[in-house]
Engineer: 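Have a look at this one.
If you're wondering where the values come from, they're calculated on a predicted model, not measured in any experiment. A, B, ... follow the sequence lines: proteins, then strands. Residue 1 opens every chain. Both backbone and side-chain heavy atoms feed into the values below; hydrogens, waters and symmetry mates do not.
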Number of protein chains: 2
Amino acid sequence: MTVELETGTRIRTRKAILDAAVRVLAQEPGASLGQIADAADVGRTTLHRYFPDRADLLAAVTQEAGHRLGEAAVRARLDEGPGLDALLRACQTCLTLGDLLTLLFTETISLEACGDEDGFSRALDDAIARGLADGTLDPRLSPAWLQGTLWSSLYLAWSELREGTTPPHDVVGQLLLTVRKALSA
Amino acid sequence: MTVELETGTRIRTRKAILDAAVRVLAQEPGASLGQIADAADVGRTTLHRYFPDRADLLAAVTQEAGHRLGEAAVRARLDEGPGLDALLRACQTCLTLGDLLTLLFTETISLEACGDEDGFSRALDDAIARGLADGTLDPRLSPAWLQGTLWSSLYLAWSELREGTTPPHDVVGQLLLTVRKALSA
DNA sequence: CCTCTATGGAACATCAATGTTCCACTGGAG
DNA sequence: CTCCAGTGGAACATTGATGTTCCATAGAGG
């Protein structure tokens with residue numbers, strides 16, 4: 001065990017495996033490590049070299065999701081402006097998470113496992129509470145339902161995007177329109 | 001192969017296995033046959049006696065889903081009244097599908113495999129087209145998006161119901177409210 | 001009470017996925 | 001050019017799921 005001096009090659013390979021894992025698992029949560037290795041254009045041996053265990057790989061994907069979610073929360077400025085607007089910004093930002101969205105929504109990986117260090121869930125809760133307080137969110141809907149609607153709409157939008165039959169711009173438009181109509185007071 | 005004279009016992013056992021399969025697979029799509037047999041309070045041997053193959057079991061569940069969807073379509077009177085109202089009736093009716101909803105939404109079983117004999121998808125498409133024509137559905141949203149929103153909202157509602165933390169009446173209320181707001185013109 | 005249906009469990013063969021070890025090779029850094 | 005870090009593949013042991021066979025028995029229904 002030398003100190004982890006990550007060379008460029010290792011970083012690149014690791015990223016390729018991680019990306020492939022996200023891509024493949026989003027489509028087939030029970031996919032074998034062999035399938036993931038193939039998708040990453042890497043030998044199964046190499047995959048095991050980087051992630052000895054299936055659990056290790058999943059943990060790494062989960063951690064990656066945590067990071068990305070954290071970035072998303074910052075970019076969306078969830079703590080600024082009216083609650084509804086914050087949620088709409090969150091929609092646009094989170095769409096960039098791509099297949100990670102699928103893994104989170106289908107609970108192939110779990111938000112809780114990231115720890116609450118990311119603070120995304122917290123920030124989302126806050127934005128929802130703010131929106132209910134400032135009158136931009138429909139008070140007849142519970143915080144849990146509001147958040148659930150947000151996630152499921154996001155998942156739907158990403159599904160459409162991935163299918164590729166609808167132009168990205170249209171998908172975003174319909175997503176924002178639907179969420180605004182559904183959640184606004 | 002005698003003529004399939006299904007005795008009461010056999011019908012009951014078969015149903016128990018099928019129900020358990022739906023329940024277990026909804027929670028864990030990759031569940032083993034042993035888990036399903038346990039959930040059905042039945043030996044694994046017995047399960048294989050009814051469904052020799054895992055594929056056979058899945059096919060039976062799929063067929064069951066087809067029947068239930070067909071019934072739902074009839075009960076919801078999808079071909080009557082304004083399009084939006086038909087969709088709202090469909091929401092209420094489909095909620096009774098329970099875990100089957102999860103299996104369909106997560107594509108553990110596929111609608112297509114039922115054949116189009118059920119006619120549910122067709123009826124839904126028609127209702128959406130009618131709603132766009134009669135001005136009760138938002139013309140800015142594509143038929144695919146309208147249908148997707150319906151399904152994902154249903155899935156969300158069933159998730160809440162299953163969790164059991166929200167009273168059923170409230171869940172239905174929020175579901176109908178959300179769908180109406182999101183989809184109406 | 002008797003019979004036959006339906007069942008559960010033990011035992012077994014098979015198979016795919018997993019995780020490990022070892023070795024040969026390749027291409028880029030020095 | 002020379003090393004060696006990084007890689008791929010073959011081979012192997014292990015494990016869990018699967019599907020099958022066989023047998024003993026419980027219990028519903030006559």
Engineer: Between A:T9 and B:H48, name the one whose nearest nucleotide on DNA chain D is closer to the 5' end.
Structural biologist: A:T9

Engineer: Looking only at side-chain N and O atoms, does A:Y50 come under 4.0 Å of OP1 or OP2 in D:dT7?
Structural biologist: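 For D:dT7, OP1 or OP2 has a side-chain N or O of A:Y50 closer than 4.0 Å.
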
Engineer: State whether A:D38 and A:R44 are salt-bridged, where the test is any N-O pair (Lys NZ or Arg NE/NH1/NH2 against Asp/Glu carboxylate O) under 4.0 Å.
Structural biologist: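 Between A:R44 and A:D38 there is no salt bridge, as every charged N stays at least 4.0 Å from the carboxylate O atoms.
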
Engineer: Look at all strands and tell whether A:F51 reaches a base, only sugar-phosphate, or nothing, counting heavy atoms closer than 4.0 Å.
Structural biologist: nothing

Engineer: Would you call B:D79 and B:R130 a salt bridge, using N to O less than 4.0 angstrom?
Structural biologist: no

Engineer: Looking at DNA chain C, which of residues 14-47 of chain B put a heavy atom within less than 4.0 Å of it?
Structural biologist: B:D41, B:V42, B:G43, B:T45, B:T46

Engineer: By nearest heavy atom, map B:R12 and B:R49 onto DNA chain D; which one lands nearer the 5' end?
Structural biologist: B:R49

Engineer: With sequence neighbours excluded, what pairs up with B:R14 under the salt bridge (Lys or Arg N to Asp or Glu O under 4.0 Å) test?
Structural biologist: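 Listed in chain order: nothing, the list is empty.
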
Engineer: Donor-acceptor pairs under 3.5 Å, side chain of residues 85-95 of chain B to any protein atom, not counting sequence neighbours: which ones?
Structural biologist:
unit_1: B:R89; atom_1: NE; unit_2: B:A76; atom_2: O; d: 2.7
unit_1: B:R89; atom_1: NH2; unit_2: B:R77; atom_2: O; d: 2.8
unit_1: B:R89; atom_1: NH2; unit_2: B:E80; atom_2: O; d: 2.8
unit_1: B:T93; atom_1: OG1; unit_2: B:R89; atom_2: O; d: 2.9

Engineer: How many Å lie between CZ on B:R54 and P on C:dC15, as a whole number?
Structural biologist: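 Spelled out: CZ on B:R54 to P on C:dC15 is 18 Å.
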
Engineer: Given atom CG of B:D53 and atom P of D:dT18, what is their separation to the nearest angstrom?
Structural biologist: 10 Å

Engineer: Relative to each other, are the rings of B:F105 and A:Y155 parallel, tilted or perpendicular (30° and 60° limits)?
Structural biologist: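 If you compare the ring of B:F105 with that of A:Y155, the planes turn out tilted.
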
Engineer: Taking side chain as C-beta onward, heavy atoms only, is B:W151 less than 4.5 Å from B:L124?
Structural biologist: yes

